[in-house]
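I have placed the structure first, in the form of structure tokens, so that the comments after it can refer back to it.
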Amino acid sequence: MRSLLRAMCVSMVLALAAATAQAQTSRQLAPGFTARTAGSALVIIPPDMELFSLSAGGVAEPRADWTEAAQKNFRAGLKALEARLGQRVTELRDQDMDEMPQLNALHAAVAESVFVHHMMGSPKLPTKNDTLDWTLGEAVDPLRAKTQADYALFFWVRDSYASAERKAAMLALALLGVGIQGGSQIAYASLVDLRDGRVVWFNNLLRMSGDLREPKPAEETVEALLKDFPALQK
């Protein structure tokens with residue numbers, strides 16, 4: 001009897017975990033969207049990315065050298081996942097975006113809204129009915145005309161790391177029972193249907209770990225950000 005009860009408890013826990021994972025995944029998808037169209041083309045937009053060093057006082061100071069290394073490592077991480085992304089994938093260069101200078105900025109604004117109002121739900125927008133219902137609209141038309149792609153994958157990434165002075169301050173204050181924050185990693189990934197501008201899949205990272213300055217940790221960040229990325233229809 002005990003064995004039976006234990007097995008039933010395990011089954012219930014597994015079912016609850018599966019339901020929770022399914023609910024989270026459904027929140028990442030726009031209504032009616034489950035997978036990318038078979039044979040569709042994907043274009044990867046250069047990530048909107050910047051890395052910072054936190055001073056002793058918590059001031060975020062941009063580090064161009066770190067950002068440059070992170071861009072390289074991030075692209076290598078994407079390359080490692082090319083089988084998941086599909087065969088018809090192209091990657092735009094920074095200079096390719098010169099004709100569409102506001103597109104990444106628009107995505108950043110939309111992604112921030114998705115993160116705050118949909119993923120975090122603070123506050124929820126009643127007009128969205130708790131669904132992933134955001135769009136970049138006609139702003140993506142030049143991108144579709146330029147690339148002939150069906151979908152675009154956008155990224156927005158901000159990483160910060162505690163400087164040596166910040167770490168010393170953290171240690172000193174910890175001895176006094178006061179905690180202050182070190183670095184953090186926040187990132188958004190959006191799959192946009194270029195036929196209508198809809199954000200059809202979204203994911204985010206918000207954590208105190210991760211390091212884009214080194215290849216292996218950067219690959220882990222890309223893997224985490226593209227978790228549950230929509231597959232192609234078979």
Side-chain angles (χ1 to χ4, degrees), residues 24-50 67 71 74-75 78 81-82 84-158 186-206 222 225-233:
Q24 175 62 22
T25 300
S26 66
R27 288 187 62 77
Q28 295 176 267
L29 300 175
F33 178 83
T34 56
R36 288 176 286 155
T37 308
S40 59
L42 173 69
V43 59
I44 298 175
I45 309 304
D48 181 348
M49 181 181 298
E50 194 164 11
T67 300
Q71 291 276 9
F74 197 89
R75 289 189 173 99
L78 287 172
L81 296 179
E82 60 182 3
R84 184 183 306 179
L85 297 176
Q87 294 183 335
R88 297 187 62 195
V89 178
T90 57
E91 184 176 350
L92 292 186
R93 301 166 299 174
D94 291 325
Q95 52 267 41
D96 293 325
M97 298 299 291
D98 290 344
E99 305 168 20
M100 301 164 280
Q102 300 303 316
L103 193 52
N104 255 334
L106 173 61
H107 166 256
V110 171
E112 179 73 9
S113 183
V114 173
F115 174 68
V116 172
H117 298 295
H118 180 63
M119 303 303 286
M120 300 296 290
S122 179
K124 290 185 177 181
L125 299 179
T127 57
K128 300 297 184 182
N129 198 29
D130 203 25
T131 60
L132 183 61
D133 182 22
W134 273 261
T135 179
L136 273 61
E138 296 178 355
V140 302
D141 290 349
L143 179 61
R144 178 163 171 78
K146 180 181 180 66
T147 64
Q148 300 300 305
D150 302 290
Y151 300 96
L153 182 55
F154 288 83
F155 297 101
W156 184 93
V157 183
R158 295 297 183 270
I186 180 168
Y188 309 136
S190 304
L191 180 66
V192 176
D193 190 329
L194 295 182
R195 292 163 289 196
D196 56 16
R198 284 197 312 155
V199 177
V200 293
W201 173 85
F202 182 85
N203 196 24
N204 65 268
L205 295 179
L206 178 59
V222 176
L225 194 52
L226 289 182
K227 184 177 183 294
D228 299 321
F229 184 71
L232 288 165
Q233 292 175 345

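Here, residue 1 is the first one in the sequence, and each next residue gets the next number. For the numbers below, each heavy atom of this structure counts, side chains included, while hydrogens, waters and symmetry mates do not.
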Does the side chain of Lys146 reach to within under 4.5 Å of the side chain of Glu99, using non-hydrogen atoms?
yes
- Item | Basic-acidic side-chain contact under 4.0 Å: Arg158, Asp48 | yes
* Between Tyr151 and Arg144, is there a cation-pi geometry (under 6.0 Å to ring centre, at most 45° from the normal)? -> no
Can you confirm whether Leu143 sits close enough to Ile45 that some side-chain heavy atom of one is under 4.5 Å from a side-chain heavy atom of the other? yes
Distance col, row Arg195:CZ vs Asp141:CG, nearest 0.5 angstrom, shows 13.0 Å
(Q) With a 4.5 Å cut-off on side-chain heavy atoms, are Val199 and Leu136 touching? (A) yes
* Kindly indicate whether the side chain of Phe33, heavy atoms from C-beta on, has any atom under 4.5 Å from the side chain of Leu191. => yes
- So, do Pro230 and Gln28 sit near enough that their side-chain heavy atoms are less than 4.5 Å apart? no
Check: Does some side-chain heavy atom of Leu226 sit less than 4.5 Å from a side-chain heavy atom of Leu153?
Finding: yes
Margin query: Looking at Glu138, I want to see if its CD is surrounded by more than 12 non-hydrogen atoms of other residues, nucleotides or ligands under 6.0 Å.
Written below: no
Contacts satisfying side-chain hydrogen bond (donor to acceptor under 3.5 Å, both in side chains) that involve residues 100-111 (not counting sequence neighbours) are His107-Ser190
inquiry  = Would you say NZ of Lys124 has more than 12 non-hydrogen atoms from neighbouring residues, nucleotides or ligands within 6.0 angstrom?
reply    = no
Is a donor on one side and an acceptor on the other found under 3.5 Å between the side chain of Asn203 and the backbone of Leu225? yes
Nearest heavy-atom contact between Pro47 and Gln71 is O-NE2, 3.2 Å
Heavy atoms of Gln233 and Ala35 approach each other most closely as CG-CB, 3.7 Å
Rounded to the nearest 0.5 Å, the CG atom of Leu206 sits from the CE atom of Met119 at a distance of 11.5 Å
Practice problem: Give the C-alpha distance, both sets of side-chain angles, the deciding distance and a yes or no for side chain to side chain contact (heavy atoms under 4.5 Å, CB included) between Val140 and Leu106. | Solution: CA-CA 10 Å; Val140 302; Leu106 173 61; over 6 Å; no
On a heavy-atom basis, the closest approach of Thr135 and Gly197 is OG1-O, 3.0 Å
Correct closest heavy-atom pair for Leu78 and Leu85 would be O-CD1, 4.0 Å
- Could you label the plane-to-plane angle of the Tyr188 and Phe115 rings as parallel, tilted or perpendicular, counting under 30° as parallel and over 60° as perpendicular? tilted
Between Arg36 and Arg84 the two heavy atoms that sit nearest each other are NH2-O, 3.2 Å
Minimal heavy-atom distance between Gln148 and Ala145, with the atoms involved, is NE2-O, 3.0 Å
When rounded to the nearest 0.5 Å, the distance separating CG of Leu92 from CD1 of Ile44 is 9.0 Å
